[in-house]
Structure formats: structure tokens, C-alpha cells
Amino acid sequence: MAIGEEMFYALARTSMSPIIYEVLDFASGLTDAKGQLLTQGNGVTGFIGMLSFMVKETLTKFEGDLKPGDVIIVNDPYGGGGSHLSDVGLVMPIFYGGEIVAFAANKAHWTEVGGKDPGSWTTDSTEIYQEGLQFPAVKLFNEGNINQALVDILAANVRFPDLSLGDMWAQVAGLRTGERRFQELCQKFGKEVVLKSVEYMLDYGEQMAREELKRLPKGVYEVEDFIDDDGLGHGPLNVRCKVTITDDEFIVDFTGSHKQVPGPINCSFTGLVSAVRTIFLAATNPSQDVNDGVFRPLKIIAEKGSILNAERPAPVSTYWESMIFGADMVWKALSSVLPDRLTAGHLESVCSVIVSGTHPETNEPFLIVEPSVGGWGAGEGMDGQNGQFCIGDGETFNVPIEVAETRYGVRLQEYSLTADGTGAGQFRGGAGAVRSYEALTDGQFVTASFGRNKYPVWGAAGGANGSNNKIEIVRKDGTKEGPFGKCARKTLNQGDVVRLITATGGGYGDPTLRDPNQVAEDVRNGWVTVDQAKEIYGVMIDPFTFTVVEPVANNS
């Protein structure tokens, strides 16, 4: 566990891109010699499991041909990569006593991997070849010697080579940290003791998961919902989910979901597995240390050629719109039977944005690539949380305003919480956020993908739905464009503002059961208006004193 943490910090502190050292859009960890995950330090929850697939792809391709000092690079979504091309993985075999005893692996979002658009993801790609360089598990290092030809190809095909190569070397530093520490572990305690401990750790993870599984309500739970569109106008796209819980298995079946689509919201099976693992942990034992033994009772089914198990060459650059939607469906299916662990719905989408252009002071190109925070759903006995990243992003962070305004050619006009009055309930959904970028030069552009733009966040146990994610553009002359959920390379000139608005989470429970004094506090704090308090919660609030007017309308 300590080795995994040290690997994580080594990568973060030596990276070049804000999306890694500020946002923490990466994961790192160790697997055993078979590719079974042992420990993972990650900012991005959606990467749980992807390291295992990367290592297993490496073992399949290089069986008998791995040597000390080798480093494999992989980002192919259909060959172990699992997400999109921007998430580049590195794998290093760890040798001790002449044999492979473990693997060090990490996966990080590079600012650039080439492709037709700056930032290497977009909402209008139609095949994976438009989305950047593909690394189908090839050797970046061979016995400690760098493959310079590969590095030269990489540098010639990305728009910001200093950032991409800098992040690559940071990942190498993380791997070498893991290699050194694991070898020290073997030297201190002996190889056999360490390998036996690894077996015990995996078996213990399975044992804990099965004990928790026995406590879950047995049965079959089904739900259906719709992804807005694929970015090219095709939609809505149905997702069906059936969760079957027995004493021995936790089966998630997405049979009947929409076929893969021309636009880039498709997800590979690896990505789907990682997302569902997150909800499996939330439903069973969220505080449990993660390893592959934990997931042995979990079984996931998705038809090949569907948006949740797409096949090459389907585009996948905004894969999170279907990947996280898959997790959201498991969440929705179980929310009514696990109210102590699963809340109402949250913003669901990464709500990711790219802003690119020229810096007004340096005349150098800049590139913002970042996710957005939004509202989480209320739950049993608790209001939803304000301004948090979606479940796929996990423990990541936003780019601070000071960093954004220093490094990029934009001004932050607004960064605030929304107060749209949605997500009503006995417990209120958490607020989304508004983040507004003003362009400081002409010829900038914005690309963004904000899912759940047409279908609102869902409430639970009688709570109201939350709101929608959306994008607006306010031109310098005051004219407005939007709201819309996806855009590709919309031009921004000096003085134009793009407003990124994320959803309020779903409410939990009947709104008329909310404590009237809490409703008064909500009005005081600006979460709901006096009129909304009366119409939705049935509570009369004095607009001057922000106190409850007697008699209380809902008789609470």
C-alpha cells in the first residue's frame, strides 16, 4: 500500500501538465505477476481496473519476451487501454531473483496525443483514427534503453511535446519508484514471504467482498434510461441494466442497450468494467482497500458492438458519457434497496471542456483540458454535496483560478454554485456550479461534452429530479447561444464568454416532509426562493426576516 502511494506522489510531483499535477487525472499501482491488481492510488475512480487490463495485455503480447528495464506503453482502448487515447498507460515488469514478481503500472491523461483536434478529444470524431496516436502495447524502453524512434514519432505528432514528453518521464519515474521499493521489500522479507503475502491479500479481499455480498438484499433489479445523443445528432440512446444479487454473485447485465454509434460516446468493455467496479465497491464495502480479489464475485455482461462494449474502429474520445452512464444505471437500480449507501443521482457527466487559443502576453498557444464539478444527490438523512466531481473522476481537483489565469489566455468571470431550486426533497440535492471563461484573444475555440443535458438528474424515494448540465456562450455584444450539451470547436473572440453550468443533484424523500426551519435556512442562503419554498415545500417564509410564517403549511 505504501509503495502504491509513493508511486502516486512521485508521478504527481514530477509531471508537467496541470491536468495531472493539479487535477490528479491519473492512477498508479502494482499488480502481481499475473496482472492481478494489488494496490492502486488514483485520483480518477474510473481507472479502477484499467491497470490490470494493461498488464494482462502486456503479458499476452510479450509472453517470454519481457526483461528487466522494459517499459511498455499502451493506450489502445480496444487492446488493454480501456478509456480513450488521451489516457496513456505505462507498464514495467519488476524482476527479483531472475523472475517477474510483480508489475508497476500507471495511466495518466496527457494534454495531447495528436489527432484532428487540440486536446485529442472532441465531440464530432467518427473513427478512432481521428483521435490521436495509438500505442498498441509497444516497448518504450527495451532493457532500460529508450526507444528513441518512438519518442521522435510522438514528439512530431503532438501539439505540445514538452507537456506530453514531460508527463511521460513523470510516469517512468513513478514506475521506477515502484520497482525499487518492491525489490527492497523482497530483499528485506524474502521473495517467498512477499509472494505469499500477495496471495493472502487477494484472497482476503475476496473474503471481505463475499461477506458484504451476503448482507445485500437478494433479488433482480432493472432500470432503463437514455443518453442524450452521440454528439452527431443520433439519439436518444437507451441503456438497459439488470442487476442480480445472489449469495455468491453480483451480476450486472446491460443486454439490450443501444448499438455503438457514429459519434465518440462509445465505451470499450474495459472502461465499463472499471465504472461498474466503482458502484460495486459503494454497494458492498466502500472503505475496503482495492485489489482484484475484491471483484471476484462481480460479473458484467454487455453485448459486443453496443455503446458499452464497442468494437474497433468506433470513436471513443468522450467515452465517459456512456461509461459513467453504465455505472449510474447500477446506482439507480439499487438506490431504493440500499438507501444507507446509495444516494439519489448526481451530475453523472465528467462535463469536460477544452479551451484553446493564443495567450495575450506570450503569444504562445495554450490549451485548457479539464473536468467540471457539479451537484451530488441527497440521501437518507443527508442533503446532497455541492460542487463535487462525478463518480468517474473521483478524488480529483479543479484547476485553481490563479493557475488558469496565469497559464491560459482567459479570465475567470465567475466561479459560483448554482441555486436553481431543483432537486427538492426531504433532503435537498447538492448544487452544481457555474464556471465562466472570458476569451482574452481572438480565434480561441471551445469544445465541451456535458451529458445529461436533455434528461435531468434523477431523484429518489419521492424526491424531485435535479437539473441538467449545459453550456452557454455570451458574445461580446450580449447575444447568447445555447444552452446545449455538446459542442466542437466553437469560436471565441476577445470578450466572448463561455458559461459552463452543471446540474443540481436529485432530491431524496417527499419535499413536504423537509423541516420548515431548514427550508427557511435554504431561503436565507439562496438555495431556494420564497416562492419555491411555498410551492414546492409548502412552507411560508417571511422574505424580510427569513423565518417561518405560522401556521406551517406542511404541518411538520
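Predicted model, so just to flag it, every value in this text is computed and none were measured.
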- request: Could you tell me how the ring of Trp320 sits relative to the ring of His84: parallel (under 30°), tilted (30 to 60°) or perpendicular (over 60°)?
  value: perpendicular
message: In terms of relative ring orientation, are Phe280 and Phe295 parallel, tilted or perpendicular, with 30° and 60° separating the classes?
response: tilted
Under the 3.5 angstrom rule, does the side chain of [X] hit a backbone N or O of [Y] as a donor-acceptor pair?
X: Asn238; Y: Gly256; result: yes
X: Asn493; Y: Gly443; result: yes
X: Asn309; Y: Ala302; result: yes
X: Thr441; Y: Thr358; result: yes
X: Glu179; Y: Ala104; result: no
X: Thr270; Y: Gly82; result: no
X: Glu6; Y: Thr177; result: no
X: Gln444; Y: Asp496; result: no
X: Lys242; Y: Thr255; result: no
X: Asn75; Y: Gly81; result: no

Is the shortest heavy-atom distance from the side chain of [X] to the side chain of [Y] under 4.5 Å?
X: Ile279; Y: Ile391; answer: yes
X: Cys390; Y: His346; answer: yes
X: Phe450; Y: Asp228; answer: no
X: Ser268; Y: Tyr319; answer: no
X: Met92; Y: Arg176; answer: yes
X: Lys486; Y: Asn453; answer: no

Taking all non-hydrogen atoms of both residues into account, name the closest pair between [X] and [Y] and its distance.
X: Leu412; Y: Ala404; answer: CD2-CB, 4.0 Å
X: His258; Y: Pro236; answer: CD2-O, 4.4 Å
X: Cys241; Y: Val252; answer: SG-CG1, 4.0 Å
X: Gly35; Y: Leu59; answer: N-CD1, 4.1 Å
X: Val243; Y: Ala333; answer: CG2-CB, 4.2 Å
X: Asn266; Y: Gly263; answer: ND2-O, 2.8 Å

Please say which of [options] ends up in a side chain to side chain contact (heavy atoms under 4.5 Å, CB included) with [X].
X: Phe397; options: Val373, Val23, Leu24; result: Leu24
X: Phe103; options: Leu37, Leu175, Leu66, Ile72; result: Leu66
X: Asp32; options: Val55, Leu38, Asn291; result: Leu38

Within a reach of under 6.0 Å around [atom1] of [X], are more than 12 heavy atoms found that belong to other residues, nucleotides or ligands?
X: Glu63; atom1: CD; answer: no
X: Lys480; atom1: NZ; answer: no
X: Lys61; atom1: NZ; answer: yes
X: Arg13; atom1: CZ; answer: no
X: Phe484; atom1: CZ; answer: yes

Please collect all salt bridge (charged side-chain N to carboxylate O under 4.0 Å, His left out) contacts where either partner lies in [range], sequence neighbours excluded, each pair once.
range: residues 252-265; value: none
range: residues 143-172; value: Glu112-Arg159
range: residues 270-283; value: Arg277-Asp292

In Å and rounded to the nearest 0.5 Å, what is the [atom1] to [atom2] distance from [X] to [Y]?
X: Asp230; Y: Gln260; atom1: CG; atom2: CD; answer: 11.5 Å
X: Leu163; Y: Leu367; atom1: CG; atom2: CG; answer: 8.5 Å
X: Leu492; Y: Asp442; atom1: CG; atom2: CG; answer: 10.5 Å
X: Asp124; Y: Arg489; atom1: CG; atom2: CZ; answer: 4.0 Å
X: Ile265; Y: Asp229; atom1: CD1; atom2: CG; answer: 8.0 Å

message: Tell me if the aromatic rings of Phe47 and Phe26 count as close, with their centers under 6.0 Å from one another.
response: no
- request: Could you check Phe254 against Leu272 for side-chain contact (heavy atoms from CB on, under 4.5 Å), going step by step and ending with a plain yes or no?
  value: CA-CA 10 Å; Phe254 293 98; Leu272 176 66; 3.8 Å; yes
message: If the condition is side-chain hydrogen bond (donor to acceptor under 3.5 Å, both in side chains), which residues does Glu5 pass it with, not counting sequence neighbours?
response: none
message: Using the side-chain hydrogen bond (donor to acceptor under 3.5 Å, both in side chains) criterion, which residues pair with Thr111? Sequence neighbours excluded.
response: Ser17
With no hydrogens and no angle check, just 3.5 Å: does a side-chain donor-acceptor pair link [X] and [Y]?
X: Trp110; Y: Gln171; result: yes
X: Gln130; Y: Thr126; result: yes
X: Ser52; Y: Gln36; result: no

message: Using a 6.0 Å distance limit plus a 45 degree cone around the ring axis, check whether Lys107 lies over the aromatic ring of Phe53.
response: no
- request: Before giving the answer on salt bridge (charged side-chain N to carboxylate O under 4.0 Å, His left out), spell out for Glu370 and Arg435 the whole-Å C-alpha distance, their side-chain angles and the decisive distance to 0.1 Å.
  value: CA-CA 12 Å; Glu370 65 182 9; Arg435 191 168 171 108; 3.4 Å; yes
- prompt: Lys139 pairs by side chain to side chain donor-acceptor pair (under 3.5 Å) with which of Asn147, Thr58, Asn145, Asp70?
  reply: Asp70
field: Criterion salt bridge (charged side-chain N to carboxylate O under 4.0 Å, His left out) on Asp225 and Arg452, from CA distance to verdict
entry: CA-CA 11 Å; Asp225 206 338; Arg452 281 217 178 273; 3.0 Å; yes
statement: The residue among Lys470, Arg475, Arg499 that forms salt bridge (Lys or Arg N to Asp or Glu O under 4.0 Å) with Glu481 is Arg475
- request: If a pair satisfies ring pair (Phe, Tyr, Trp, His ring centres under 6.0 Å) and one of its residues is in residues 130-177, list it, with sequence neighbours excluded.
  value: Phe141-Trp169
